[in-house]
Number of protein chains: 2
Amino acid sequence: MRIGEIADTAGTTTKTLRFYEDQGLLPPTERTPAGYRDYTPETVARIDFIHRGQAAGLTLAQIRQILDIRDRGQAPCDHVRDLLDARLTEIEQQLAGLAALRDTIAELRDQAARPEPESCNPDQVCRYL
Amino acid sequence: MRIGEIADTAGTTTKTLRFYEDQGLLPPTERTPAGYRDYTPETVARIDFIHRGQAAGLTLAQIRQILDIRDRGQAPCDHVRDLLDARLTEIEQQLAGLAALRDTIAELRDQAARPEPESCNPDQVCRYL
DNA sequence: CTTGACCTTCCCCTGTACTGGAAGGTCCAG
DNA sequence: CTGGACCTTCCAGTACAGGGGAAGGTCAAG
C-alpha cells in the first residue's frame, strides 16, 4: 500500500506519516523500485495506536517509548517498569485534575445557564476553579 | 509586590508572568514611578487558577477565555454557555481516553514486572493499547 | 558612590506536532 | 506522449508555552 492509501484509511496525511517515520514512530518501510514507500496494512493499526495514545494526552515521544517496548516484544528491565510507573502516576494526577476541572466548568456552565442577578455576584463567580 | 516576589510565591518565573500579561491572562498592573510592575497579592490566586487550569490540560487560550468570563463577573450569553458545554464534552472524552490508557499502561507495567517467558510473547504484548 | 540584586524592553531560541510549498521523479489513462 | 495524480526530498513556517540573554534603568546596603 502506498502512503496516500495508508493515510486515507488511517485518517491522517502523508505529511504526518513521513513525519512519524522521521520521528521513529513508524519503522522505515520497504521501497518500490521507484523509491515509493510500500506499507503493509498492519501499519494502519500502528497509526491507530498512536492516535489512541495522543487522544489520551501522551506526547509522540512517550508513544514512541511504548512502541519501542512493544516492538521489542518484551519489557523485562526495571527501567521500563519504572517508566510505566511514572507514566501511571502522571496519568492518575491528570485524571484527578481533569475530573476537578470538569466539575468546576460544570458549575460555571450552570451559572451561565441561570443568569439571575444573584448568581452573577462576582465574588461568587470568582470562587470557581 | 514586585514581579519577583509574586513569581516566587506563585512558584513561577518573572518571564512567565510578563508572558501571561502579554497574552492577556494577567491584566496590566500598576507601575511604580520607576516603571516597575506593582502587583496586588490577589494576583497569586489568579496565577494558581492558571496553574490549575494547565494541570487539567487546558491551553492558555482556554484559560484566558474562562478568566475573561470570570472577570466580567457574569456569564449570561448563550455563546459562553456553549463554550463551556464544548469544553465539558472535550474533558469527558479526555477523561475516558485517559482512564483507558491508564488501564492499558497498568497491564503493560504488570507484564514488565513479571518477566516470565510466556508473558513475553510478542503477539500478546502487541495487543495492548 | 559603587556593588549587587532587581527591574525594564527587546529579540531570538527551544521543543512539540505538525503543515505548506518548491522542485523533481513515476505511473497510468486517454 | 501528455496530463494529472501520485510520489520523493528538502526547507521553511505555524502555534503553543515559555526560556536565554543583551542592554539598560533602579534601588538599598555598605
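Chain naming here is simple, since letters A, B, ... match the order of the sequence lines and numbering starts at 1 in each. Fair warning: this is a prediction, and the values are worked out from it, not measured in the lab.
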### Query
Tell me, which pairs form a side-chain hydrogen bond (donor to acceptor under 3.5 Å, both in side chains) where one or both residues lie in residues 27-36 of chain B, sequence neighbours left out?
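The answer is none; no pair qualifies.
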### Task
In sequence, state the C-alpha distance, the side-chain angles, and the governing distance for A:Asp8 and A:Glu5, and then conclude on side-chain contact (heavy atoms from CB on, under 4.5 Å).
CA-CA 5 Å; A:Asp8 283 352; A:Glu5 259 181 289; 5.9 Å; no
Between N or O atoms, less than 3.5 Å apart, protein on one side and nucleotides 12-18 of chain D on the other: list the pairs.
from, atom 1, to, atom 2, distance (Å)
D:dA17, OP1, B:Leu60, N, 2.9
D:dA17, OP2, B:Leu60, N, 3.2
D:dG18, OP2, B:Tyr20, OH, 2.9
D:dG18, OP2, B:Gln54, NE2, 2.6

Quick one: list whatever passes side chain to side chain donor-acceptor pair (under 3.5 Å) with [X], sequence neighbours left out.
{"X": "A:Arg64", "answer": "none"}
{"X": "A:Glu42", "answer": "A:Thr40"}
{"X": "B:Arg37", "answer": "B:Glu21"}

### Query
For DNA chain D, what residues of residues 22-42 of chain B have any heavy atom nearer than 4.0 Å?
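Here the set is B:Ala34, B:Tyr36.
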#### Entry: Sub-4.5 Å side-chain heavy-atom contact between A:Asp71 and A:Arg46
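A:Asp71 vs A:Arg46: side chains touch.
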### Message
Determine whether a donor-acceptor pair (N or O, by modelled atom type, separation under 3.5 Å) exists between the side chain of A:Thr43 and the backbone of A:Tyr39.
### Response
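No: the side chain of A:Thr43 does not pair with the backbone of A:Tyr39.
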### Task
Write down the distance between CZ (A:Arg18) and P (D:dC10), rounded to a whole number of angstrom.
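Taking CZ of A:Arg18 and P of D:dC10, I get 12 Å after rounding.
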#### Entry: Toward the 5' end of DNA chain D, by each residue's nearest nucleotide, B:Arg2 or B:Thr12
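Its nucleotide being nearer the 5' end, the pick is B:Thr12.
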What pairs of donor and acceptor atoms, side-chain ones from residues 12-19 of chain A against any protein atom, are under 3.5 angstrom apart with sequence neighbours left out?
from, atom 1, to, atom 2, distance (Å)
A:Thr13, OG1, A:Thr16, N, 3.0
A:Thr13, OG1, A:Thr16, OG1, 2.8

### Covered region of DNA chain C, 5' end to 3' end, by chain B [heavy atoms, under 4.0 Å]
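Taking any atom under 4.0 Å from a heavy atom of chain B, the span is C:dC6 to C:dC10.
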### Task
Name all residues meeting the side chain to side chain contact (heavy atoms under 4.5 Å, CB included) criterion together with B:Gln54; count only those two or more places apart in sequence or in a different chain, and write none if there are none.
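Expected list: B:Tyr20, B:Ile50, B:His51, B:Leu60, B:Ile63.
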### Query
Which distance, rounded to the nearest 0.5 Å, do you find between the CG of B:Leu26 and the CG of B:Leu67?
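Going from CG on B:Leu26 over to CG on B:Leu67, the span is 8.5 Å.
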